[in-house]
Amino acid sequence: MKNRSAFFYSSMTIGILLLFLSLFYLFTSYQTDSSRVVERLKFNASFVELWLIKSFSDSDAVLNDMAHDLAESGPSRIEDDPITHQLEQFYLKEKEDALPNATLAFVVDESCALTHSETLRNIDLSDREYCKSLLNNNARQSIITLPFIDLAGRNVVVHGKKIIDDEGKLKGIVCLSTNLNFFSLTLSHLQLPSSMGIAILSTNMKLLSAIPKGNLPLGKGIDLSLVEPSVLERFYRDNEVIMSSDIYENGTLDTIYARKVKDLPFIVVVTKEQNYWQTKFSLSLMLVIGCFTVIIGLLLFNLNYLKKTSAQKDKYTELAYNDYLTGVNNRRAFEEQASKVFKTYQYDKQTFSLVMCDIDNFKEYNDKFGHDVGDQMITAFSEACSAQINQEDIVARLGGDEFIVLLHHKDKEQAVMVAESLQNVIRALSVLVDGQELSMTCSMGVATVSELTTSLHELLNIADTQLYKAKEAGRNCVRFEL
């Protein structure tokens, strides 16, 4: 007994010591990893900042050339000199094509009326930021605006520069428009790991780019209500800040580094998941080694218990999501999977169709030959459906002899072809009862998702309605919404 107690207490002492050592190791590893992550975030932010500065420095150089060239002769108006105006328009297009970030090159006159553009002119743009800023400030020569919606409905930022003639008189403003897609398309070439993210914001906190994380639309304002005021104060004071937050609302804490780009109205935000699983694994391993001799008996007991509970869990899970008779999906499993497919359709518009079907006159078979024969027919029907559809498609038993098939990427015509092919297979089926072969037929209703479909429930109702029409039409046929 004494030896057993000594062994117990010595094991506990060693286990506690190992615990403290593991905690110390975890703490130092956390600090080291945190420092390394911050340095990497700063490096990535510097890279993006230099790229932005270089891009808009190039556009500034092009604008200088354009402003100088246009100041020599005008710019002209189409009403006064159509030929010169057309040449200037070609010149603007040539400069626009020379810059990867340029969506459109255009000119406004000294009253901020649009004079040079690909499709529009003589439009008053005096309410635009570049007009207000440059025309009301004699000392200011150029501007890069905050994002706004242009006349074509695009989210853009505009780089503008005054056109000044040799006498110092303002002749207008030459501008280069940059579509917000430019930022994301360029950053997408970085091929960041899934644990990292880079975003570019305007200084008024509107999203210009986000890769590979983030689901806000470009141009959308960022909600700062959850950011502590002290964090914003540090950022506005130092033009950079480091913080931790679940910025993507995915249950994972991220280290976030934000930096204001020098001389540009942009903010670079770089994030990295705080994932220290290797350190945690090391700690867990040391704890297991230190405590193994103390808890071996309890561990064996728990393993046996977990084995039993795991088997029960698998069994209950199968019962919860699979039909007990046929093994295909049950109603609950189908609704969960189909809901995901419908949400995906709302995002990327990949079409899909539903085929609702049941066995014709099934109740008569049940009443005449018994439920065992009915079960055989249902099983044969289920196996035929499963064998005929693609692996990615879904077949489910909703109850009784009623089944539903979800066909991915199938429009109405394709779904009807699949349904008619399936009907031919069903007609060829037979169930042997007392030496007699019983054949069967089925009725089917087809529904295809469209932009008018508001919910999965609505689509199911359409399929069910078409199935009812197939029965009214004499069964053994397919009906669909015209």
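When reading the values below, keep in mind they use all heavy atoms of this one structure, side chains included, and skip hydrogens, waters and symmetry mates.
- The shortest non-hydrogen separation linking Lys161 to Leu134 is N-CD1, 4.2 Å.
- Note that OG of Ser142 is 5.5 Å distant from CG of Asp60, once rounded to the nearest 0.5 Å.
- Using a 4.5 Å heavy-atom threshold, the side chains of Met196 and Leu41 count as touching.
- The two residues Ser353 and Thr448 make their nearest non-hydrogen contact at OG-OG1, 2.8 Å.
- Val268 has its side chain out of reach of Ser46: every pair of non-hydrogen atoms, C-beta onward, lies at least 4.5 Å apart.
- Across every non-hydrogen atom of Leu125 and Tyr130, the tightest pair is CD1-OH, 3.5 Å.
- By the 4.5 Å heavy-atom criterion applied to side chains, Val108 and Cys131 are counted as neighbours.
- Once rounded to the nearest 0.5 Å, the distance linking CD1 of Ile267 with CD1 of Ile222 reads 10.0 Å.
- Within a 6.0 Å radius of CD in Gln346, more than 12 heavy atoms belonging to other residues, nucleotides or ligands are found.
- Dense packing is recorded around NE2 of His409, with more than 12 heavy atoms of other residues, nucleotides or ligands lying under 6.0 Å away.
- Between the side chain of Thr441 and the backbone N or O of Asp360 there is no donor-acceptor pair closer than 3.5 Å.
- For the pair Thr115 (side chain) and Val107 (backbone), a donor-acceptor distance under 3.5 Å is present.
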request  = Take Asp401 and Phe381 through the side-chain contact (heavy atoms from CB on, under 4.5 Å) test and state the conclusion after the steps.
outcome  = CA-CA 9 Å; Asp401 64 315; Phe381 185 90; over 6 Å; no
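- Between Thr454 and the options Glu458, Glu451, His457, a side chain to side chain donor-acceptor pair (under 3.5 Å) holds for only Glu458.
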key: Asp393 vs Gln388, side-chain contact (heavy atoms from CB on, under 4.5 Å): CA-CA, chis, key distance, verdict   = CA-CA 10 Å; Asp393 296 333; Gln388 291 300 310; over 6 Å; no
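- The backbone N or O of Thr326 sits less than 3.5 Å from a side-chain atom of Asp323, completing a donor-acceptor pair.
- Around CE of Met417, the count of heavy atoms belonging to other residues, nucleotides or ligands within 6.0 Å does not exceed 12.
- Surrounding CD of Glu437 are at most 12 heavy atoms belonging to other residues, nucleotides or ligands under 6.0 Å away.
- Judged by distance alone, with hydrogens and angles left aside, the side-chain atoms of Ser133 form no donor-acceptor pair with the main-chain N or O of Glu129 at under 3.5 Å.
- Between Ile200 and Trp51 the shortest heavy-atom distance is CD1-CZ3, 3.7 Å.
- Using a 4.5 Å cut-off on side-chain heavy atoms (C-beta onward), Val158 and Asp150 make no contact.
- Put simply, the side chain of Asn239 never gets that close to the backbone of Lys260: no donor and acceptor are under 3.5 Å apart.
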task = Could you give me the CA-CA distance, side-chain angles and deciding distance for Asn155 and Ile149, then say whether side-chain contact (heavy atoms from CB on, under 4.5 Å) is met?
result = CA-CA 5 Å; Asn155 260 307; Ile149 306 296; 3.2 Å; yes
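- Taking a 6.0 Å sphere around CZ of Arg40, one finds it holds 12 or fewer heavy atoms contributed by other residues, nucleotides or ligands.
- Between Leu99 atom CG and Asp58 atom CG the span is 6.5 Å, to the nearest 0.5 Å.
- Contact annotation: the side chain of Leu467 approaches that of Lys471 to within less than 4.5 Å [non-hydrogen atoms, C-beta and beyond].
- By the neighbour-count criterion of 12 heavy atoms within 6.0 Å, atom NZ of Lys412 is densely surrounded, having more than that number from other residues, nucleotides or ligands.
- Taken to the nearest 0.5 Å, the NE2 atom of His116 stands 8.5 Å off from the CZ atom of Arg121.
- Between Phe403 and Arg397, the closest side-chain pair of non-hydrogen atoms falls below 4.5 Å.
- Here the CG atom belonging to Asp464 is positioned 6.0 Å from the CD atom belonging to Glu402, to the nearest 0.5 angstrom.
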request  = Could you walk me through whether Glu49 and Lys262 pass side-chain contact (heavy atoms from CB on, under 4.5 Å), step by step?
outcome  = CA-CA 8 Å; Glu49 180 182 32; Lys262 184 179 180 181; 4.1 Å; yes
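- A distance-only check finds no donor-acceptor pair linking the side chain of Asn179 to the backbone of Phe182 [under 3.5 Å].
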Only distances under 3.5 Å count here; give the side-chain donor-acceptor pairs of residues 418-436 to other protein atoms, sequence neighbours excluded, each with its distance to 0.1 Å.
| unit_1 | atom_1 | unit_2 | atom_2 | d |
| --- | --- | --- | --- | --- |
| Gln423 | OE1 | Arg427 | NH2 | 3.2 |
| Gln423 | NE2 | Cys442 | O | 2.7 |
| Gln423 | NE2 | Cys477 | O | 3.1 |
| Asn424 | OD1 | Arg427 | NH1 | 2.5 |
| Asn424 | ND2 | Glu420 | O | 3.4 |
| Arg427 | NE | Asn476 | OD1 | 3.0 |
| Arg427 | NH2 | Asn476 | OD1 | 3.3 |

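- Other residues, nucleotides and ligands place more than 12 heavy atoms under 6.0 Å from the NZ atom of Lys349.
- Side-chain contact check for Leu406 versus Phe352: some heavy-atom pair is nearer than 4.5 Å.
- Within the 4.5 Å cutoff, no side-chain heavy atoms of Asn390 are placed close to those of His408.
- At least one donor-acceptor pair under 3.5 Å links the side chain of Thr178 to the backbone N or O of Asn101.
- Judged purely by atom type and a 3.5 angstrom limit, Glu383 has no side-chain atom pairing as donor or acceptor with the backbone of Ala380.
- Scanning both residues, Phe362 and Met377, for their nearest heavy atoms gives CE1-CB, 4.4 Å.
- Of the possible polar contacts, none joining the Ser382 side chain to the Ile378 backbone as a donor-acceptor pair under 3.5 Å is found.
- Summarising the geometry, atom OG1 belonging to Thr203 is positioned 4.5 Å from atom CG belonging to Leu146; distances are rounded to the nearest 0.5 Å.
- Around the CD atom of Glu472, the shell of radius 6.0 Å holds more than 12 heavy atoms that belong to other residues, nucleotides or ligands.
- Side-chain N or O atoms of Ser126 include none that pairs as donor or acceptor with a backbone N or O of Cys112 at under 3.5 Å.
- Closest non-hydrogen pair, Leu104 versus Arg154, comes out as CD2-NH2, 4.2 Å.
- Applying the ring pair (Phe, Tyr, Trp, His ring centres under 6.0 Å) test to Phe266 and every residue at least two apart in sequence or in another chain returns Phe56, Phe183.
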